[in-house]
Amino acid sequence: MKKIFTTLCFIISIQSFSQQGIVTVPPAYPKVTGYISVLHPVVTIDKHETVYNFSGAYTVAFPMGINILKTDKFGYSIEIAPFIRSANGSSKTTNVLFHPGFIFRYPHGFNFIARLAFETSGRYGVTPIFNKVLYKSKTTSYYVSVPLPVRFGNDMVASFGAGVQLGVTF
């Protein structure tokens with residue numbers, strides 16, 4: 001009886017201290033997140049001129065969208081961004097941008113986002129975006145992005161721009 005009790009205690013102690021009870025659960029994909037942000041265009045360049053934001057007018061956009069993350073390295077994104085322009089004491093919505101794209105995710109919070117661009121102003125093009133998560137909590141992430149829009153169409157010359165975007169995902 002003493003041998004059975006000693007053997008049983010030994011088996012229980014092995015099970016109690018073994019590492020088999022610790023299980024790391026990988027993130028579940030697909031994963032859906034939303035975001036909202038503020039975009040400040042900095043400069044727009046075409047073959048005729050270079051226009052800086054704040055020179056005679058101020059333009060700001062409020063991109064918002066949904067990310068569908070297929071894996072920890074790749075996802076899709078759909079964004080809508082209304083633009084507001086303020087000049088000479090008045091302001092108005094001047095453009096709405098429909099911005100679908102692909103998200104390529106890298107270690108340490110870096111992302112590259114390749115977007116198509118369709119504007120209600122009649123312009124279209126592409127927008128490569130470089131993105132970095134600055135702070136990540138359990139439920140939200142705060143990020144900064146540098147969009148580099150290239151636009152064509154609407155009987156205007158092609159243009160290239162740069163901006164700064166700050167946002168939060170949830």
Is the backbone of [Y] close enough, under 3.5 Å, to the side chain of [X] for a donor and an acceptor to pair up by distance?
X    : Y    : result
N154 : R123 : no
T140 : S137 : no
S145 : P147 : no
N131 : N111 : no
R115 : I103 : no
T120 : V96  : yes
N67  : L69  : no
S37  : P63  : yes
K132 : H108 : yes

Do [X] and [Y] sit in the same hydrophobic cluster, where Ile, Leu, Val, Met, Phe, Trp and Tyr count as joined when their side-chain heavy atoms come under 4.5 Å apart?
X    : Y   : answer
F118 : I80 : yes
V144 : I36 : no
L116 : F74 : yes
Y58  : I84 : yes

Less than 4.5 Å apart, any side-chain heavy atom of [X] and any of [Y]?
X    : Y    : value
F152 : S159 : no
F170 : T139 : no
V43  : N53  : no
Y29  : D72  : yes
F98  : I78  : yes

- Task: Let me see the working for H99 and T127 under side chain to side chain contact (heavy atoms under 4.5 Å, CB included), right down to the final yes or no.
- Result: CA-CA 8 Å; H99 226 191; T127 308; 2.9 Å; yes

Closest approach of [X] and [Y], non-hydrogen atoms and distance?
X    : Y    : result
K47  : V157 : CE-CG1, 3.7 Å
V38  : V60  : CG1-CG2, 3.8 Å
Y143 : V168 : CE2-N, 3.5 Å

Would one find more than 12 heavy atoms of other residues, nucleotides or ligands at under 6.0 Å from atom [atom1] of [X]?
X    : atom1 : answer
Y142 : OH    : no
N88  : CG    : no
Y52  : OH    : no

- How about F112 and F130: are their ring centres within less than 6.0 Å of each other?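 That pair passes the under 6.0 Å test.
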
- Evaluate the criterion side chain to side chain contact (heavy atoms under 4.5 Å, CB included) for residue pair Y76 and I66; output intermediate values, then yes/no. CA-CA 8 Å; Y76 306 102; I66 296 174; over 6 Å; no

- Query: So F102 and F104, would you call those rings parallel, tilted or perpendicular, with 30° and 60° as cut-offs?
  - Reply: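 F102 vs F104 ring planes: tilted.
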
- Message: Using the rule given for side chain to side chain contact (heavy atoms under 4.5 Å, CB included), can you reason through Y35 versus E79, listing the C-alpha separation, both sets of side-chain angles and the distance that settles it, and then say yes or no?
- Response: CA-CA 9 Å; Y35 65 93; E79 177 179 275; 2.7 Å; yes

- Task: Could you verify whether a donor N or O on one side chain and an acceptor N or O on the other, from R105 and T71, lie under 3.5 Å apart?
- Result: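 On atom types as modelled, these side chains do not qualify, holding no pair under 3.5 Å.
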
